[in-house]
Amino acid sequence: MSNFPQRPHAVIYDTDPGVDDAMALYYALAHPEIELLGVTTTFGNVTVDQAATNALYLLALAGRADIAVTRGVAAPLVKHAEAPPAHIHGADGLGNLPQRQPFDNRLDPRSSAQFIVDMARARPGEITLVPVGPLGNLALALDMEPRLPQLLRAVVLMGGAVLEPGNVSPVAEANIWNDPHAADKVFCAGFDLTMVGLDVTHQVILPVSLFADMAAHHQHPAMHTLHHAVDFYAGFYSGLYPHVAEIHGCFGHDVLAFVALTDPHLFEYESGAVRVAVDGLGQGQTMLRRKSISYPQSGWEGPASRACMQVQAQACKDLIKSTLMRDWIRP
Ligand code: BDR
Ligand code: CA
């Protein structure tokens with residue numbers, strides 16, 4: 001018998017770590033209601049090889065080398081790949097760590113898409129996918145298994161923006177812009193889908209001091225690593241947004257997807273079909289159909305998604321803190 005009680009949210013985490021991805025990974029490991037079944041990686045904040053290395057490393061540091069890690073797509077489905085944003089996440093994706101400890105966990109040989117399909121078929125209706133990078137792995141998984149929207153319990157993704165301006169163009173959020181064709185396919189597929197976009201992630205500013213406190217509390221390499229990475233990442237955001245600089249903080253982006261999974265009552269939602277602009281100056285824009293208006297164009301008849309529009313920011317911060325302060329790191 002397992003020493004760990006049954007957890008209500010069985011999750012596959014699809015990620016491009018990335019500093020806020022690392023924060024979200026540790027939140028998922030620390031949260032008592034999340035069972036992390038695997039980490040599927042993609043290009044995005046770093047190359048896919050670096051993303052996979054970082055996922056293995058972060059898990060090993062936290063004593064969770066038992067969790068499967070896969071390597072996924074290396075480039076967008078259609079458009080050319082952009083250079084990774086080393087100025088935001090560091091060239092290594094974790095704020096340019098001065099050194100790394102040795103680790104010996106290895107990749108699961110399956111592709112990320114294959115892993116998602118295998119797990120969904122093995123546990124139909126049970127698994128929630130939490131993607132927080134470009135959506136190519138999920139788009140490929142859909143090609144491999146068209147019943148995926150029925151086989152997965154839900155998708156809770158970080159990406160997009162409805163009313164909030166974009167962060168890579170006036171209208172596009174980075175994850176969607178990095179692979180707009182994949183994103184449009186995912187939004188049209190019929191998943192039970194929650195979109196946690198910039199409308200809410202820009203409302204939750206996490207001070208570096210929060211991570212300093214956590215590192216001091218745990219006195220463990222996993223949290224020292226996270227603190228280092230967040231400090232670097234906050235340098236970028238503080239340079240860009242004066243109100244973030246005031247508290248030397250950053251946006252938690254990806255961790256908010258897990259908060260929306262565990263504590264959906266902290267958010268307000270708007271539902272409607274979401275479509276993604278795949279080219280032109282608006283490339284990567286996520287457009288939400290308002291139900292009350294009858295539009296003359298075709299293309300809006302697809303399934304509805306749930307977009308997070310408002311969030312109780314202080315409650316989120318308190319939850320992130322209390323979760324990561326738990327005794328969750330394994331020896
Ligand atoms: C998203 O882009 C990446 O830089 C972050 O990890 C997050 O997933 C925010 O736009
Ligand atoms: Ca990410």
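Just so you know, residue 1 is the first one in the sequence shown, and it goes up from there. When a ligand or atom number is given, it counts from 1 through the structure's own listing order.
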For this session: Examine Arg289 relative to Tyr295 and say whether NZ or CZ is less than 6.0 Å from the centre of the six-membered ring and inside a 45° cone about the ring axis.
Result: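 Not flagged: Arg289 not positioned over aromatic ring of Tyr295.
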
Could you find the nearest protein heavy atom to [atom] and give me its residue, atom name and distance?
atom: atom 1 (C) of ligand 1; result: Glu173 OE2, 3.2 Å
atom: atom 2 (O) of ligand 1; result: Asn175 OD1, 3.4 Å
atom: atom 5 (C) of ligand 1; result: Asp20 OD2, 3.2 Å

Looking only at N, O or S atoms, which one in [X] sits nearest to the Ca ion (ligand 2)?
X: Asp254; answer: OD2
X: Asp21; answer: OD2
X: Asp16; answer: OD1

Problem set entry | Proximity to ligand 1 by part of Thr201, non-hydrogen separation under 4.0 Å |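 Neither part.
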
Exercise. Do Asp16 and Thr42 get their side chains close enough for a donor-acceptor pair, meaning under 3.5 Å?
Worked result: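 Side-chain D/A pair, Asp16 to Thr42: absent.
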
May I ask you to say whether [X] pairs ionically with [Y], meaning some side-chain N is under 4.0 Å from a carboxylate O?
X: Arg100; Y: Asp92; result: yes
X: Glu270; Y: Arg306; result: no
X: Arg64; Y: Asp66; result: yes
X: Arg110; Y: Asp118; result: yes
X: Arg275; Y: Glu301; result: no

Exercise. Ring centroid separation for His253 and His202, is it under 6.0 angstrom?
Worked result: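 Yes; His202 has its ring centre under 6.0 Å from that of His253.
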
For this session: Flag yes if more than 12 heavy atoms outside Ile293 fall under 6.0 Å of its CD1 atom; otherwise flag no.
Result: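 Count over threshold, so yes.
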
Subset of ligand 1 atoms that lie under 4.0 Å from at least one heavy atom of [X]:
X: Asp21; answer: 6 (O)
X: Ala174; answer: 2 (O), 10 (O)
X: His89; answer: 4 (O), 6 (O)

Exercise. For Met158, is at least one N or O under 3.5 Å away from an N or O on ligand 1?
Worked result: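 N/O-N/O distance below 3.5 Å does not exist for this pair.
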
For this session: Work out whether the distance between some heavy atom of Asp254 and some atom of ligand 1 is less than 4.0 Å.
Result: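 Yes, that is the case, since the closest heavy atom of the residue is under 4.0 Å from the ligand.
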
Exercise. So which of Asn45, Leu256, Leu198, Asn167 gets nearest to atom 3 (C) of ligand 1, if we judge by its closest heavy atom?
Worked result: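 Going through Asn45, Leu256, Leu198, Asn167 one by one, Asn45 has the nearest heavy atom to atom 3 (C) of ligand 1.
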
Problem set entry | N, O or S from Val132 under 3.0 Å to the Ca ion (ligand 2) |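 So Val132 does bind the Ca ion (ligand 2) by this criterion.
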
